[in-house]
Structure formats: structure tokens, C-alpha cells
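The structure displayed is predicted, hence computed values, not measured ones. Labels below follow one simple rule: chain letters A, B, ... track the order of the sequence lines, proteins then strands, and each chain is numbered from 1.
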2 protein chains.
Amino acid sequence: MDHPTRRARATILTLSRSAGVSPSTVSRALKGDPRISKSMRARIAELASDAGYMPNALARTLSSGRSGLLGLVLGPRSNPFYAMLLEEVVAQSAERGLRFLILHAGPGPIEDRTTEALLQYQMDGCLITSADMSSRAAEICAANGVPVVMINRVPRLHASAVSCDNAEGGARMAEHLLQGGHRRAAIIHTGGASSNGIDRERGFSEVFQAGGGAITSRFDGRSVYEGGHAAGRDIAAMAPEMRPDCVFAVSDIIAMGTMDALREAGLAVPRDISVSGFDSIPEAARAAYDITSFEQPLVAMVRRGLDLLAARILEPGLPDEAVTLRGHLIVRGSTRRG
Amino acid sequence: MDHPTRRARATILTLSRSAGVSPSTVSRALKGDPRISKSMRARIAELASDAGYMPNALARTLSSGRSGLLGLVLGPRSNPFYAMLLEEVVAQSAERGLRFLILHAGPGPIEDRTTEALLQYQMDGCLITSADMSSRAAEICAANGVPVVMINRVPRLHASAVSCDNAEGGARMAEHLLQGGHRRAAIIHTGGASSNGIDRERGFSEVFQAGGGAITSRFDGRSVYEGGHAAGRDIAAMAPEMRPDCVFAVSDIIAMGTMDALREAGLAVPRDISVSGFDSIPEAARAAYDITSFEQPLVAMVRRGLDLLAARILEPGLPDEAVTLRGHLIVRGSTRRG
DNA sequence: TTGAAAGCGGTACCAG
DNA sequence: CTGGTACCGCTTTCAA
């Protein structure tokens, strides 16, 4: 009961027959093994392309043990940062001949059921780009010898990680705001879950306070626009003398919401209050927002992340590693200057 | 040269040995074959879970011919609509036990090289959610008996498709604007490539003109915020008596750019000019934009898309099919009412 | 109700 | 430089 519409595909066996050589010779010729004569290689290459031969990656996996498949866990679309990460990851991994299987995309933690799918597909490794993912997935992977690398997240047990220097970023932002004459800051964080957010807040607070500033209020921005918006509304509702003179949101998407709420309440940014964010997503850079932010070195982060993963796939014993990359402050129009 | 860190995984063979039965019995027991006695099934199930047995999906594919893997082509992140689509697709396919391999994510067409990866991984089917993808990929898939379904794109050769009624959406928007007293419309389209955009524009133009309105200008919004922004700037620069009284952008992301540009130029929306979009992405629904839009029935579109794919995987001979779903107009604050 | 054995498409080791 | 062959993990007839 074959599929009549699906013409039988060429395999190494069929090629070997039409070439009159053995399957192993074909296999070697196809992957450029130097032991095969040039002429034979050329002949087989020609035959293969004529026959429209496509290697069966799955069969190769079965015998070689390596699938070339990586698992990807992506954070929620509500933060455009993850969409950027996705594009960059896909672009860079294509160059390396790696493919991604989507394990999870969206809010909430990855389910155990899903993690198991990973194992069924013999993935060589797993890339996690979500800040609030349960560490359970990493555990399951580790237990099965599948290396895990996290991007945009501080390292946890059973995983390597790449992140930008979040504390440093917070500190740079604090300096910038202090120089602009700000002394009363509101912080919009992400509520416990995100280690990134915590580091950014810590770096900010230390420097801001050391410089004579005060953190006058804190809000939970829940890593979403709406969370920032709600915080902005609360800030705008404060009595003018109680109001902070600047806001540090731990991510741009939050800062966008805050800024909109402040404006809707009739406050001018940065005249009445400065707003700053983190990540430097393109949306926050638009003229309509023009938010001062700390840029994460996205391309480099992805590159290092894939490097870490590739190294651990080649050499399973390698210890976990935490890489911190330097980002940089981008001053835009949403913060008052000195 | 084994990997010492990676404990050997349980396989059907190891299970069969510890159970003292044949591999085929284990295989059948595991998938609930009724021919295996209840007691044996229970015993093997227990053994399997004790051993932490995970089936090797790739090995299964090799012998069964079905991988459970689908290919995904995703449009550029610059339009949040694709990120929505991604989350919905992943959520719904997880329920069906289908996994997605990312073939492409981002701007530009999918490369042939990439399409070939598809074939190497024996994907059962392919889902394409990008408006401007080259039809070449669909062709390659078809040639190899891999069914292709396009979501948010009108059908082409060698593929089934699901889309919302784009022309109808344009028509509804035209009616709405006519009722609001608008008679001079600017259209911001996406420049040839997108069949969706063309249908939306056509539906709009026909009804708007039939109702006594005129299309006074057209701009290429290139499906990106910046394209809409540039068009908005051009519109704002027109002499007031030449200026359109409303704008129909063929997607929300374009409308957002246009709206920002109009406001930056000092025009009020909708007092001076109305702005309308298409898709109804959450970003455009925010209070800061509040854009009147035509909502695509995303959940249903994805459901039908996966249905089409699933049906064609089970029965390879099925003819291509085009499904059109009905969306609906969402009137918000960016368009002047009667 | 269960077992034996032949593949699925490649890889890689051992010969020659 | 090339051939023979066992095997990766699972499915699936065909027998018993």
C-alpha cells in the first residue's frame, strides 16, 4: 500500500546500484571522504543530483547518534524581545546546519510532557530563551545528557547561560539618570520570577542610592506592556510632590506601557518625568517612544549561546559555563539630560 | 567510544530482555495493541516507566514513514501578527502531538537550501505563514509529496490555504468609513507581493468608490511600521485641501506607523483624519493607538490549517483546498463616526 | 497471544 | 581506494 503520488526517493542503495558500486562507497563519496577517488566522487555526485537524491537525516541520526536537531523554548510574544531572539537564532543556526524544533512558545512554563518530546526526537541540545521558564526542563535534559544553554537568563543548575551584564546595565542607567539631575526613582520590576530583572534592579538601586538618589516606589510590571501601563497610571495619580522624577523599567516593553500611561494622564516625558527601559527593542526606539535603554548585544549573545551548545554537543563532559556579555547604554529622548 | 556521561537509554530491546519476551511484544504492548494480554501490557508498562523508557521518535519514523514533524515558515517579526500566529500554532499543534521544525523565520523568502532540510528530516507536512514567501518552496514540497498549507495567504499552486475574507474585510471597512462621512481615502498597501494586501485593497476600493468616495492617493507601506510612518509623513505634508480624510492601511502595523507620523506632524486622529488597519493585533488595540481594524479569526484559521494538513498527511491524494473564514470589523477610536 | 525476522536509510568498522 | 556487513531502534508482516 504505497503512496502512488509519492515517487520512491533515491537512497544510497539505489544510487549504489546504478553506479555499480557498494553503498559504503556512495556514502563516503557523498560526504567527500578523501579516500574515494576524485573521478568516483564526481560520478556519484552527478548520479545523486540526477536522481534528486536527498539524504535521510533521520536515518543518519539513528546510526550516527547525532540528529542536528536543537530544541527551542521561546518566551511570550508579548515581549518583542523574544521575537528578535527567534529571528537571530534561526538565522545563525541555519549557517551552522542546525535546525530547531519548537518545544514551547508563549507565556507560562514548558510542560513536562513537552520536555519529553524533546527526548523522543533525540535532540542534540536545547536552547532556552525564556526568563521565567521552569528549571524542571533543564533538569530533565541534564538527566538525559542533553546539554542546555539559556540565553537572556542567568545560569541555573544543569545549564550553561549567556546573558548581558544586567547589573552593570542597571548601574549605567542609574548614573545616567543621576547626571540628568534625577533623585527620586520609581522602579518597575517583573515580580520575583526573573533573575534578569532582579539583577537589573539591584545594579540600578545600588548606584542610584550611592549617588544620593532614592527609590521612592516599586511596581510589578509583569514583563508586559499592560503591567507597565498600570504602573504608569499609579505614578501619574500620585500627588506631584510625591511623584518620582524618573522611572526605571527593567524592560522596554514595560517602559512603553508606562510612558503611554503617563502621557495619557497628561504628563510630559521627559519634561515632567523621565522614563528608561532595558533591552533596546526596535519598538521602543521609534520616534513615538524614543526610550533611553540599555542594549543587549543580541547577535553576540546568540553566537556565544550556539557556541556553548555546539561545544557541549561535541564534548558531552564539558562543565556548565556562564557567559556575561557587555551591553551598552543608548541615550534617547525619554530621559532629561544634565 | 561511548559518552560515559550519558547513561545508556532503555530501548525496546532492553525492555524485552528484562521482561523475558520478544521485542515485538514490547512494541505492541506499549502502543496498546489489543492482541497483547492485559497482564502483559501492565507488566511492560511498569517496566518501561521504571526504566525511564522513551521511544525513539526518529527510529519509529524510519520504519513507519511518518515523523510527526511539520515544517514551519514564519513571516518577519516586524509584523507582530506572525508572532501571534506562532504562539497559536504551537499551542494547537502540541495538543495534536505534532512538532514544528523551524524552516525559516524572518523577512525575505525561504532559501532552497532550507527547503531541502525539510526533505532530509522527512517532515509530514509544512505550514507557511508568510505572505511574501516564494512559491518555490511549495513547489519543492509538492514534488516530494509533502503537503503544504498556507495560513494568511491566498492559495497558490501546489498548496492548500486558509485565509480570512480579505476582500470582504476591505469592503466592511469602506462601508464604515463612508458611514462616518469620509469621501477621500488614502490607501497604504504592501506593494505587489502580498496577495492578501491586494484583496483587501480591492474590496475596499470597490465599495468605497461605489459609495461615492474617491481613492485620492496610494502608498507602499511595505508591511512594516516604518513604511506606514513614511506614508503618514507624506500625507501630513499635503496641502490641507488635498489631504485625504481617511487612511486605510492593509495591516495594523502599517496603520500604527501612519498614525504616529500624522500625530508627529501635528494632525489629530481622528479629528483631522481617520486611520484604519487590518488584522487587529493587540498592539494596535492599545489605548495609545486604538485603531479601528478588521480582525482575522486567528484561532479558527490555525485550527482549519492544521486540519487541512492532518487530512493530507493521512490521505496524500487529497486535492488542494482553499478555505476562507469570516473575520469581523472592530470599530475603535481612530475613525470618526457618523 | 506471542515470537522471529526482515527491513527503513545510513554509518562505520574490518577486510581486501 | 573499495567492498562487505553489522547495527542504530522500532514497526510490521508472517508464523507458530
> OP1, OP2 of C:dT1 versus side-chain N and O of B:Thr25: anything below 4.0 Å?
Replying inline: no
> For the side chain to side chain contact (heavy atoms under 4.5 Å, CB included) test, which of A:Asn79, A:Val89, A:Leu298 pairs with A:Met84?
Replying inline: A:Leu298
> Charged N to carboxylate O under 4.0 angstrom, A:Arg96 versus A:Asp307?
Replying inline: yes
> If you check the B:Arg28 side chain, which of D:dT12, C:dT1, C:dT11 turns out closest?
Replying inline: D:dT12
> Given atom CD1 of A:Ile12 and atom C1' of D:dC8, what is their separation to the nearest angstrom?
Replying inline: 15 Å
>> Under 4.0 Å, heavy atoms only, any strand: does A:Pro55 hit a base, just the sugar-phosphate, or nothing?
In response: sugar-phosphate
>> Looking at every non-hydrogen atom in both residues, tell me the closest pair between A:Ile313 and A:Pro147 and how far apart they are.
In response: CG1-CG, 4.1 Å
> For D:dC10, does either OP1 or OP2 sit under 4.0 Å from a side-chain N or O belonging to B:Lys31?
Replying inline: no
> Where each residue is assigned the nucleotide of DNA chain C containing its nearest heavy atom, which of A:Ala59 and B:Ser22 is assigned the position nearer the 5′ end?
Replying inline: B:Ser22
> Whole Å only: how far is the CZ atom of B:Arg41 from the P atom of C:dT2?
Replying inline: 10 Å
> Which listed nucleotide (C:dT11, D:dT11, C:dT2) is nearest to the side chain of B:Ser27?
Replying inline: D:dT11
> Taking OP1 and OP2 of C:dG9, is either one under 4.0 Å from a side-chain nitrogen or oxygen of B:Tyr121?
Replying inline: no
>> Could you check whether any side-chain N or O of B:Asp320 sits under 3.5 Å from a backbone N or O of B:Ala159, counting only pairs where one atom can act as donor and the other as acceptor?
In response: yes
> Rounding to a whole Å, what distance do you find between A:Gln122:CD and D:dC8:P?
Replying inline: 13 Å
> Between A:Ser39 and A:Pro23, who's closer to the 5' end of DNA chain D by nearest nucleotide?
Replying inline: A:Ser39
>> For B:Ser16, run the side chain to side chain contact (heavy atoms under 4.5 Å, CB included) check against B:Thr11, B:Thr25, B:Val26 and tell me which one passes.
In response: B:Val26
> If you find the nucleotide of DNA chain C closest to B:Ser64 and the one closest to A:Ser63, which residue's nucleotide is nearer the 5' end?
Replying inline: B:Ser64
> Can you tell me how far C1' of C:dA12 sits from CG of A:Leu62, to the nearest Å?
Replying inline: 14 Å
> When all nucleic acid strands are considered with a 4.0 Å heavy-atom cut-off, which category describes B:Arg35: base, sugar-phosphate, or nothing?
Replying inline: base
> Taking CG from B:Asn56 and P from C:dG9, how many angstroms apart are they, rounded to a whole number?
Replying inline: 16 Å
> How long is the line joining CZ of A:Arg60 and C1' of C:dA12, in whole Å?
Replying inline: 14 Å
> Rounded to the nearest Å, what distance is computed from the CG atom of residue B:Leu30 to the P atom of nucleotide D:dT11?
Replying inline: 8 Å
> Considering only C:dT2, C:dT11, D:dG3, which nucleotide approaches the side chain of A:Ser24 most closely?
Replying inline: D:dG3
>> Just the rounded figure in Å: distance from P of C:dG3 to CZ of B:Arg17.
In response: 14 Å
